[in-house]
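Taking it in order: structure first as structure tokens, then the write-up.
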Amino acid sequence: MAAADFLLDRFAAAGDKTAFVEAEGGSTSYATLLTRIAALERRLRDEAVPRGASVQLCGDFGAEAAAWLLALWRHGAIVAPVAPSSREKLEEFARIADAGWRVEAATGGLQRLAGGSAHPLFDRLRAEEAPGLVIFSSGTTGASKAALHDVRRLLTKFHRPGKDFVTLGFLLFDHIAGIDTLLYSLANGSTLVCLPDRSVGSVLARMAEHRVEVLPTAPSFLNMLLLSRGGEDLALPDLKIITYGAEMMPQGLLERVADAFPGVQLIQKYGASELGALRSRSEGARSRWIRLEGDGAAWRVVDGLLEIRTATAMVGYLNAPSPFTEDGWYRTGDRVEVEGDQLRFLGRDSDMINVGGQKVFPAEVENALMQIPGVVEASVYGAPHPLLGAAVCARIRMSDPEARPAEIRNAIRAGLAGVVEPYKIPQKIELASGPLATARFKQQRG
Amino acid sequence: MTVSPDRMLASLQNAVAELNLSLPPDRQISDDPDAVLYGEGSPLDSLGLVNFVMTAEQHIGDDTGADIVLASESAMSRKRSPYRSLRSLADYATEIAGQSSAA
């Protein structure tokens, strides 16, 4: 019995119900989605894509990308999704996953790549005819880390029926939380409303027009949403639940969100590329204390840092040493406090900078800065910032000490565009006149 | 330190000019003091607003010597957002520059 068969049974049961309100307008029913999956499975066979191949899937939420994902999984493939916001990393991701094929969901393109779909962990999945999912996250040294998941494990929690809500496809198609939203919605025959872009205006318009009931998002988006409305009524009468995760929720912001959305349930979520998305329960709308529960997940705190063991954890990294302890606990690096069976997140135990839920490691940005002509030294660190939680700051020393600051800042922005993702480009660029004392800046990052 | 709202506005417009150099033609920020800066119809997304605010702080520091922070919990909890236009942000900058020199 293939891993995703139960999903297809549920699509058949949902029939003419809308599966996706598409980003570009229009909608797709579950019946049509089923037809698309069958057609793409035939295409994979016709084009002789080997079962168990490593395939890069470029796309965003919508019926086409979802149909490809499921057709590929039914074909036993190991799928590495790439959302539009990760396009800068397309070739790097293909290399790490040794991808043999690339799908462009938007155009229907299926292209042969140079990769040989080879990896000892892939062999383990293929031996059991298990499909795979590769999720990338930023690594401390600048190279992306690839977490390989066994799709059978990821899908286990969706066997049990959940609730049927109209949900917004806000999170990213290539992040674990975004995939979780997609699978939850599909497993329950629900409607996922997709976005043409993630601006506040588009989000509000889509939510009102399609009567969205669940908004899965990150704290900083909620901040920007409140800010852009400047106290005006948000007029979202259908909204029932807001889930938030991926970064720290400041108490002040949580209070403002609770005030702006009376009667809406606010739930903190927790997940990691390495673990999958866990089930969680918040104590109350204004509380940052949560319980992590269900699906065989257990947690413990060692030296103030959270460790988690769960049946949905990844098989392993494709390109990094195992982050698990010998007895199978994942070291999250999240500093927490504990009260009874509840947890509260305090921050990270690393120099990782969390910009609106997206992770930035200084080393990657420093390496990219050093490639820009004229840059002699670069030091990158995070500073708390009330708009997006943290801001990426860079101190730069140029070979020409007379260069004008505004011109240098522009040269830096231009030099990083297309090289690193937009959220990794320093928002604050300072010029140093003397050498940067590395040790001192390491301390500043702490 | 007393800095007039007009000087603050000029610094903010300098920050707009700097950022527009690296923005595509359809995402240019208007230097009209009363155009929507952040909100409905604005080309700025959240990262763009953070970029703008931090660049603006640097220009204000360079132009007037005032060391101010334009993004704070108190700025965000105001009933009317200071980020709705360049003029409202210049007024806000003038107000907090006055407070920090009085303290």
query = What is the distance from atom OG1 of B:T55 to atom CD1 of A:I429, rounded to the nearest 0.5 Å?
reply = 7.5 Å

Heavy-atom proximity to chain B below 4.5 Å, by part of A:P422 = both

task = Decide yes or no on side-chain contact (heavy atoms from CB on, under 4.5 Å) for B:V50 and A:V355, but give the supporting numbers first.
result = CA-CA 10 Å; B:V50 177; A:V355 182; over 6 Å; no

Contacting region of A:L204 [heavy-atom separation from chain B under 4.5 Å] = neither

query = Is the side chain of A:N410 donor-acceptor paired with the backbone N or O of B:L19 at a distance under 3.5 Å, no angle test?
reply = no

query = Could you state the interatomic distance from OG (B:S77) to CG (A:L253), rounded to the nearest 0.5 Å?
reply = 10.5 Å

request  = Measure the spacing between NZ of A:K424 and CG of B:L47 and express it to the nearest 0.5 Å.
outcome  = 12.5 Å

query = Do you know the tightest heavy-atom contact between B:Y38 and A:V200?
reply = OH-CG2, 3.5 Å

request  = Measure distances from B:S42 to the heavy atoms of chain A and classify the residue's part below 4.5 Å as side chain, backbone, both or neither.
outcome  = neither

key: Any A:L227 side-chain heavy atom under 4.5 Å of B:L49 side chain   = yes

ask   = So, for B:M54 and A:Q427, which heavy atoms are closest and what is the spacing to 0.1 Å?
value = CB-O, 3.7 Å

request  = Would you check, one step at a time, whether the test salt bridge (charged side-chain N to carboxylate O under 4.0 Å, His left out) holds for A:R256 with B:E73?
outcome  = CA-CA 11 Å; A:R256 282 190 282 125; B:E73 187 62 32; 3.3 Å; yes

task = Under the side-chain contact (heavy atoms from CB on, under 4.5 Å) rule, what do B:M76 and A:L387 come out as? Steps first, then yes or no, please.
result = CA-CA 8 Å; B:M76 289 182 304; A:L387 288 173; 3.7 Å; yes

ask   = For the candidates A:P386, A:A391, A:P405, which exhibits the highest count of non-hydrogen atom pairs separated by less than 4.5 Å from chain B?
value = A:P386

query = Would the number of heavy atoms belonging to other residues, nucleotides or ligands and lying under 6.0 Å from CZ of A:R286 be above 12?
reply = yes

Side chain, backbone, both or neither of B:V53 within contact of chain A (heavy atoms, under 4.5 Å) = side chain

Point-to-point distance, once rounded to the nearest 0.5 Å, from CZ of A:R198 to OG of B:S46 = 12.0 Å

query = By a 4.5 Å heavy-atom criterion (distance strictly below it), what part of A:A414 contacts chain B: side chain, backbone, both, or neither?
reply = neither

key: chain B contact via A:E430 - which portion, at a heavy-atom distance below 4.5 Å   = both

request  = Would you mind checking which part of B:Q58 comes under 4.5 Å of any heavy atom in chain A, side chain (CB onward), backbone (N, CA, C, O), both or neither?
outcome  = side chain

request  = Using non-hydrogen atoms and a 4.5 Å limit, figure out which bit of A:N223 sits close to chain B: side chain, backbone, both or neither.
outcome  = side chain

query = If you measure from OH on A:Y423 to CG on B:N51, what distance do you get to the nearest 0.5 Å?
reply = 15.0 Å

